[in-house]
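The block underneath contains the structure these notes are about, expressed in structure tokens.
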Amino acid sequence: MQVSKEIEELNDLLRGRWVSGLWNLDHAERQSDPKTRVKPHLWRWQEIYDSLLQAREKISVDRGTVERRVIRLVNPGMAETEMTSHTMLLSFQLIQPGEVAPAHRHTMAAFRFILQGRGAYTNVDGQKMVMEDGDLILTPQWAWHEHAHEGDEPMVWIDGLDVPFIQSLQVISFQPYRQGRLPVSEGIDPGSYYGMTGPVGEMDAPSMPFLHYRWRDTYPSLQRLAHGNGNPYDGVALEYVNPVSGGSALPTLGCWTQLLRPSEHTKAHRHTSTSIYHAFRGSGTTMINSVPFHWEKGDTFIVPLWSWHEHLNRSNTEEAILFSMHDLPILKAFGLYREETESNPST
Ligand code: 1HN
């Protein structure tokens, strides 16, 4: 806009009063489609695992130094200090036999999805949960959590968190646990911890009675569902739900597991939530805005909001399984979830 001397003077006057005319903004916020800085990207397991092994040599886990040996996935459209999307962080953690990742709590919600190893456990508010491959373990916001490894081989898992969303709300609180090891409670009733009989501490914690979804329960459910039709956009997909509310696993994060049958090819759609996928089994190709991302077991990739995407299982004999995390509960909570398919464009 050509700015006249008169307008310039008005702008100067307003600036001095800590106000500003809307005419000074360009029209960046007026596009009809959502726009994001988040770029589609695929991280190869080989590079992630090698990074974890190199970190194992150089980073030791200890109270007071590095509390977690964690490698973050950084989105190429964002700064190095930023996360995997504008709302979510997906990271990988490696813990060595005998190590203890000391207890702390924070206002970010987290989950672990277990990838390899045996003998480690996480203690969430006194609930000791022994980790097995494919298990999903929740750490609700403000819950104390400590990880310890009693096995004899390195253990690796995914940490999913809502860090950037909580950062954007500027409500990060973090507390180390100062009394040494976090005690394990015997026979606790987890329901009593998460808002069913009252709030946790000074925080208004959501109802969260169920923290450990075992692969040995999840996988048979997926297999049973695989006899049905599945969903045209997601294949045979299961959401991990909070059994009390029927809602998402965590208030800010949804978790899914989906099975693509041999040669299954889903239809394309797009939506205003962002999704991060981890190839847990098998191999396939996901088209993101017409660009093919070929994935093998262990690879992780991100589908930014409002990107067209479809999945293909490249094998005609083996099933493929994707685990995924989504910021969908945030979009839904504020009426901002929108989805479009080729046959049903949104208006
Ligand atoms: C965290 O507390 C853990 O407790 C893992 O294992 C990853 C990434 C960012 C912020 C906090 C953990 C994390 C994290």
Side-chain angles (χ1 to χ4, degrees), residues 43 48 51-52 55-56 59-75 78-117 119-131 135-151 154-178 180-182 184 203 205 208 211-212 249-253 255 276 278 300 302 323 325 327:
W43 291 263
I48 297 294
S51 307
L52 286 168
R56 179 175 67 164
I59 309 279
S60 51
V61 173
D62 204 0
R63 168 73 79 200
T65 52
V66 175
E67 299 201 350
R68 304 285 191 269
R69 190 185 292 104
V70 166
I71 288 183
R72 281 182 299 126
L73 300 191
V74 178
N75 192 278
M78 304 174 85
E80 215 266 322
T81 50
E82 293 186 281
M83 307 286 159
T84 319
S85 82
H86 59 308
T87 45
M88 299 183 283
L89 168 63
L90 189 144
S91 50
F92 291 86
Q93 182 159 177
L94 183 147
I95 185 166
Q96 286 283 83
E99 283 181 335
V100 176
H104 63 209
R105 63 178 177 176
H106 40 64
T107 45
M108 293 83 82
F111 66 79
R112 331 273 155 219
F113 183 76
I114 316 308
L115 298 178
Q116 59 172 249
Y121 67 87
T122 185
N123 174 351
V124 178
D125 270 348
Q127 205 178 332
K128 175 176 174 176
M129 290 168 279
V130 176
M131 302 165 156
D135 287 2
L136 177 73
I137 299 178
L138 305 181
T139 304
Q141 61 188 82
W142 211 236
W144 292 113
H145 52 287
E146 171 191 279
H147 318 304
H149 195 353
E150 297 173 326
M155 194 98 211
V156 178
W157 63 77
I158 287 174
D159 296 297
L161 296 98
D162 55 7
V163 174
F165 178 65
I166 304 302
Q167 277 174 331
S168 72
L169 296 177
Q170 304 187 350
V171 288
I172 290 194
S173 294
F174 178 95
Q175 256 184 3
Y177 184 78
R178 299 195 192 280
R181 294 295 300 273
L182 187 65
V184 174
M203 291 269 171
M208 192 65 65
L211 302 179
H212 193 176
L250 292 160
T252 48
L253 298 174
C255 295
I276 309 174
H278 178 80
T300 303
I302 180 163
F323 169 81
M325 72 185 286
D327 59 8

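As the structure lists them, so they are numbered: ligands from 1, and atoms in each ligand from 1.
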If we set the cut-off at 4.0 Å for heavy atoms, which region of His104 has an atom near ligand 1: side chain, backbone, both, or neither? side chain
d(His149 NE2, Glu99 CD) to nearest 0.5 Å is 8.5 Å
So if I count the atoms of ligand 1 from 1 in the order they appear, which ones are less than 4.0 Å from some heavy atom of Leu89? 8 (C), 9 (C)
Is ligand 1 less than 4.0 angstrom away from at least one heavy atom of Arg72? no
CG-CE distance between Leu211 and Met129, expressed to the nearest 0.5 angstrom: 5.0 Å
Are side-chain heavy atoms of Phe92 and Ile158 found at a separation under 4.5 Å? yes
Describe, in one word, how the ring planes of His106 and Phe174 are oriented to each other, choosing from parallel (under 30°), tilted (30 to 60°) and perpendicular (over 60°). parallel
Under 3.5 Å: donor-acceptor pair, side chain of Arg72, backbone of Glu80: yes
Close N or O approach (His106, ligand 1; < 3.5 Å): yes
At a 4.0 Å threshold, what atoms of ligand 1 neighbour a non-hydrogen atom of His147? 4 (O), 6 (O), 12 (C)
for atom 12 (C) of ligand 1, nearest protein heavy atom and its distance come out as Arg68 NE, 2.9 Å
Counting heavy atoms only, which part of Leu161 comes closer than 4.0 Å to ligand 1: side chain, backbone, both or neither? side chain
Answer whether the closest heavy-atom distance between the side chains of Leu250 and Asp162 falls below 4.5 Å. no
Identify, by atom number and element, the atoms of ligand 1 in contact range of His145, meaning under 4.0 Å from any of its heavy atoms. 2 (O), 4 (O)
